[in-house]
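What follows is a set of notes on a single structure, which appears directly below.
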2 protein chains.
Amino acid sequence: MDQSIKKKRARGRLSREMIEDAAFEVIEREGLSGFSMRKLAAALGCEAMSIYHHFPSVAHLHEALVDRLIGALEIPDASLPWRQRMRIAIEDFRRIGRDHPAYSSFIVTYRMNSPTCLAWLNGIIGLFKDGGFDTELSARLFRTVGYYLMGAVLDENAGYSRGPSAVNTVSDEQLARDYPNVMAAGRFFGAAEFDKTFELGLDMVLDEMERLRDGANASQPSGKV
Amino acid sequence: MDQSIKKKRARGRLSREMIEDAAFEVIEREGLSGFSMRKLAAALGCEAMSIYHHFPSVAHLHEALVDRLIGALEIPDASLPWRQRMRIAIEDFRRIGRDHPAYSSFIVTYRMNSPTCLAWLNGIIGLFKDGGFDTELSARLFRTVGYYLMGAVLDENAGYSRGPSAVNTVSDEQLARDYPNVMAAGRFFGAAEFDKTFELGLDMVLDEMERLRDGANASQPSGKV
DNA sequence: AAAATGAACCTTACACTGTAAGCTGTCAGG
DNA sequence: CCTGACAGCTTACAGTGTAAGGTTCATTTT
């Protein structure tokens, strides 16, 4: 009857949003390194090159993905207590990792520079200023907290608990025999312990920041070595 | 005269060590994503497949590289003060990043599980135990410090100061106008500030750990929110 | 109504990747 | 001398991102 069985091309079928949605799915399904334009196209039911009409390159696509994740974040309301605002902002970012585990290692190594991301960064640094820190301490403490957060997101989503990267792995018996500390600690390295471990370290950092702000004298130790 | 100008194949020319050395060079020269078996072979003056005689796969090669970097680390002498031991161990790892900036993002995302790496991990966790922490706190604080350290290595070597990942970048004027906090903080984000920033955060974490050990009561704030 | 335009998608092709399979030249031990 | 084994090479394949150009069709213009 109709001249061609596959003429279901339907012009405006694709869109940036559709492609982004599919990209998130493919990345989580295939893993970050297993992601490719051809697999993405397959998921969309189109050819790889069709995607290039909407995104000039994979880099542009990735930028859009990061923008979507970061753009969805909000700076916690200024009426809330400072410490709570800080925690919310940090947990918001951490949740991105949990929601997109395969993509988390990309986000953590991504140098954000789009307007969307800069707006968020600007708000987060503003959070430190709101906490009473001057420009320098705001910048440095942003790094301190950021370092901790990036490392945590990395470990929780791409880390030890997901199995080893190594090719030659070590058996459990060997582990117990030769590396007892690792063996003993392993119990606290699983996904079930992530929250508690994260909270512990986060509270430490937040405590220390408040101490730093509320007079940097009360602090005893700091043996400075 | 001689039958072939290129018969300089010379049997045992290659070795695992030579290949590893060249791999480190190629990675730093071409970047982690620019590294390939063929480029490595070119650097060695051989064909790509010749490398497979010494390493069954790139994964095996990477494992050897990580093993070499981690294997060179030592657990600081037990006779030193605990805080100093901790600092030395942390700075040792941090130095790996500085010495191999292009490789640092690989190391940070690598799930170590080789005997060499496990021995080091075992020693580091032992360091926490030596500091008077029980098994659980040793494990969790190992994570806290590790998160901070991984994030720092990532930022210092693959981070913001190396230029943006984004395709659409923002001009300096736009930055100053729309993102003043980022602009102001930028002064403290450069490589020249890495040490000071790292020390600040590290001291915070170490202070808090000592506080945690020397009686978790003296600590005032911890508003727990 | 017919023609022109341009957006949306597809086809082909190229230079690159890791690596499986098999080949060849060289050297040590008999 | 011969015989393996070893070390490195050749070829080939399936995969990658994407440049260049072809095709189809909705819309606009005449």
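Below, chain A is the first sequence line, B the second, and so on; all start at residue 1.
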Tell me the interatomic distance from [X], atom [atom1], to [N], atom [atom2], rounded to whole angstroms.
{"X": "R13(A)", "N": "dA7(C)", "atom1": "CZ", "atom2": "C1'", "value": "14 Å"}
{"X": "F55(B)", "N": "dG18(C)", "atom1": "CZ", "atom2": "P", "value": "15 Å"}
{"X": "H53(A)", "N": "dC25(D)", "atom1": "NE2", "atom2": "P", "value": "16 Å"}
{"X": "E47(A)", "N": "dC10(C)", "atom1": "CD", "atom2": "C1'", "value": "6 Å"}

Query raised in the report: Phosphate oxygens OP1/OP2 of dA8(C): is one of them under 4.0 Å from a side-chain N or O of S50(A)?
Result: no

**Report entry** Phosphate contact (dC9(C) OP1 or OP2) by H54(A) side-chain N/O below 4.0 Å
**Finding:** yes

Query raised in the report: Would you say the side-chain atoms of D155(B) and Y147(A) include a donor-acceptor pair closer than 3.5 Å?
Result: yes

Query raised in the report: Going by atom types only, do D67(A) and S114(A) share a side-chain donor-acceptor pair under 3.5 Å?
Result: yes

Query raised in the report: Think R143(B) forms a cation-pi with F188(A), using NZ or CZ under 6.0 Å from the six-ring centre and within 45 degrees of its axis?
Result: no

Query - Flag, side chain of R162(B) to backbone of N157(B), donor-acceptor distance under 3.5 Å - result: yes

Query - Watson-Crick and G-U pairing of DNA chain D written in dot-bracket, each distance under 3.5 angstrom, with | for inter-strand partners - result: ||||||||||||||||||||||||||||||

**Report entry** Full working for side-chain hydrogen bond (donor to acceptor under 3.5 Å, both in side chains) between H60(B) and Y52(B)
**Finding:** CA-CA 10 Å; H60(B) 285 82; Y52(B) 282 80; over 6 Å; no

Report task. Considering only NZ, NE, NH1 and NH2 on the basic side and carboxylate oxygens on the acidic side, decide whether R87(B) and D92(B) come within less than 4.0 Å. Result -> no

What nitrogen or oxygen pairs link the protein and nucleotides 17-21 of chain D at under 3.5 Å?
unit_1: dG17(D); atom_1: OP1; unit_2: M37(A); atom_2: N; d: 3.2
unit_1: dG17(D); atom_1: OP2; unit_2: M37(A); atom_2: N; d: 3.0
unit_1: dG17(D); atom_1: N7; unit_2: R38(A); atom_2: NH1; d: 2.7
unit_1: dG17(D); atom_1: O6; unit_2: R38(A); atom_2: NH2; d: 3.0
unit_1: dT18(D); atom_1: OP2; unit_2: Y52(A); atom_2: OH; d: 2.6
unit_1: dT18(D); atom_1: OP2; unit_2: V58(A); atom_2: N; d: 3.1
unit_1: dT18(D); atom_1: O5'; unit_2: Y52(A); atom_2: OH; d: 3.3
unit_1: dT18(D); atom_1: O4; unit_2: R38(A); atom_2: NH2; d: 3.0

Requested in this report: Could you tell me the separation between the OH atom of Y110(A) and the CD atom of E63(A), rounded to the nearest 0.5 Å?
Outcome: 4.0 Å

Query raised in the report: How would you label the contact of I51(B) with the nucleic acid (heavy atoms, under 4.0 Å): base, sugar-phosphate, or nothing?
Result: nothing

Query raised in the report: Can you say whether the rings of F128(B) and F142(B) are parallel (under 30°), tilted (30 to 60°) or perpendicular (over 60°)?
Result: perpendicular

